[in-house]
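Please read the structure below before turning to the comments.
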Amino acid sequence: MVRSLIGELPDGWIEVRLEEICELKVGTSTPADSGGPVAVMKPRNIADDRFTGTPDGIAEEAAAKLPSYRLMAGDVVCVRTGGIGKHALVAGEQEGWVIGTGIIRLRPGPWADPLYLSHCLSHPSVQNWFARNGTGTAIPNISARAPGALPVVLAPSPVQRSIGKTLGALNEKIAAHERICRTTAQLRDTPLPLLMSGTSAAQGPGRSGG
């Protein structure tokens, strides 16, 4: 058994540095043009291992000058300023977005399955590593070079794909339940003002008789 950041590993599993299996790219500053058609990935757009909120945008002309900062499906983006360690897997919907400041783009090589790698970053021991290697109190951050030294456990490729699919399916179920909760809350909130106004035909105790 081999000892690693996350514990002992079975035969065939290895531990490597993140920079050995990924190309790392630190995001860049972009023009303050929130109405442009090309989305800019920022730390506030990542939460709970997925993308959230409405991204800022820049003009096509500005994005054309930043080809090396564009996203591809299969990239993993990681926050390095603010909520360090937050991350998400890039899908087709985010293809072509620009990585802004506070973001590091991980582009996995052939040894790492992107979905598996994204879930690796969620491991408690990995999150603790980010916390230990971060600096700052009011706004935690981690240096541009530090993530390259992150120890990452690689399972054999078929196992990586199996783990990624299993955890990915569970994430999809979580997202589906969250959508149900939001929809149910909206169904509750829509009639609430009418019901509380006393103008609804279905009044409760204390309504006057004929």
Side-chain angles (χ1 to χ4, degrees), residues 2-7 9-10 12-30 39-43 45-51 55 66-135 140-168 171:
V2 177
R3 189 72 184 173
S4 74
L5 176 68
I6 65 173
L9 303 179
W13 295 48
I14 60 173
E15 184 179 69
V16 297
R17 296 190 307 276
L18 185 63
E19 62 190 4
E20 296 181 86
I21 58 170
C22 289
E23 171 199 298
L24 281 71
K25 182 74 172 180
V26 177
T28 185
S29 59
T30 55
V40 178
M41 178 66 64
K42 295 184 177 180
N45 298 126
I46 302 174
D48 299 323
D49 301 350
R50 55 182 180 270
F51 300 105
L66 304 169
S68 64
Y69 296 94
R70 306 295 284 267
L71 290 174
M72 293 173 52
D75 288 342
V76 177
V77 288
C78 190
V79 174
R80 75 176 191 91
T81 302
I84 58 174
K86 294 193 298 183
H87 59 277
L89 177 66
V90 176
E93 293 84 351
Q94 295 85 37
E95 185 112 29
W97 288 24
V98 173
I99 49 172
T101 54
I103 296 291
I104 294 181
R105 184 191 68 201
L106 313 179
R107 182 159 289 169
W111 295 103
D113 178 79
L115 185 54
Y116 170 82
L117 177 63
S118 180
H119 289 302
C120 280
L121 297 178
S122 296
H123 194 286
S125 295
V126 174
Q127 289 295 303
N128 287 337
W129 184 94
F130 276 109
R132 293 196 308 272
N133 287 271
T135 59
N141 64 87
I142 192 167
S143 72
R145 295 179 60 87
L150 170 67
V152 176
V153 168
L154 285 186
S157 293
V159 179
Q160 287 188 42
R161 291 191 291 271
S162 177
I163 291 173
K165 289 179 180 178
T166 299
L167 295 177
N171 273 353

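What's counted below: heavy atoms across the whole structure, side chains too, no hydrogens, waters or symmetry copies. Note that the coordinates shown come from a computational prediction; the quantities given were computed from them, not determined experimentally.
To the nearest 0.5 Å, atom CH2 of residue W97 and atom CG of residue N45 are 6.0 Å apart. Note that CG of L117 and CG of L115 are 9.5 Å apart. Values are rounded to the nearest 0.5 Å. Going from atom CZ of R80 over to atom CG of N133 covers 14.0 Å, rounded to the nearest 0.5 Å. The OG atom of S4 sits 11.5 Å away from atom CD1 of I14, with the distance rounded to the nearest 0.5 Å. The OG1 atom of T81 sits 9.0 Å away from atom CD1 of I84, with the distance rounded to the nearest 0.5 Å. Note that NE2 of H123 and CD1 of I6 are 4.5 Å apart. Values are rounded to the nearest 0.5 Å.
A distance-only check finds no donor-acceptor pair linking the side chain of E15 to the backbone of V152 [under 3.5 Å]. Side chain of E19 to main chain of A149: no donor-acceptor pair is present (N/O by atom type, distance under 3.5 Å, no hydrogens or angles). Panel note: side chain K42, backbone G100; no donor-acceptor pair is recorded below 3.5 Å.
In this structure, H87 and D49 have side chains that are in contact, with non-hydrogen atoms separated by less than 4.5 Å. T135 places a side-chain heavy atom less than 4.5 Å from the side chain of N141. Looking at T28 and I99, their side chains never come closer than 4.5 Å, going by heavy atoms from C-beta outward. In this structure the side chain of W13 reaches within 4.5 angstrom of the side chain of V159, judged on heavy atoms. Proximity of P55 to V40: side-chain heavy atoms (C-beta onward) are nowhere separated by under 4.5 Å. Counting heavy atoms from C-beta outward, V90 and M72 have side chains that stay 4.5 Å or more apart. Residues F51 and V77 are in side-chain contact: their nearest non-hydrogen atoms beyond the backbone lie under 4.5 Å apart. The shortest side-chain heavy-atom distance between L150 and L121 falls under the 4.5 Å cut-off.
Contact record, G74 with L89: O-CD1, 3.9 Å, taken as the closest heavy-atom pair. Shown here for T101 and P43, the closest heavy-atom pair between the two residues is O-CD, 3.5 Å. When all heavy atoms of F130 and C78 are compared, the pair lying nearest together is CZ-SG, 3.9 Å. I103 and M41 get closest at one heavy-atom pair: CG1-O, 3.6 Å. Minimum heavy-atom separation, P108 to C22: CA-SG, 3.7 Å. For the pair R132 and L5, the tightest heavy-atom approach, listed with the atom from each and the gap, is NH2-CD1, 4.1 Å.
Here side chain to side chain donor-acceptor pair (under 3.5 Å) pairs that include residues 104-120, with residues two or more places apart or in two chains, are E23-R105, D75-R107. Residues in residues 145-165 take part in no side chain to side chain donor-acceptor pair (under 3.5 Å) pair, two or more places apart or across chains.
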For this session: Output, in order, the C-alpha distance, side-chain angles, deciding distance and verdict of side chain to side chain contact (heavy atoms under 4.5 Å, CB included) for I104 and K25.
Result: CA-CA 6 Å; I104 294 181; K25 182 74 172 180; over 6 Å; no

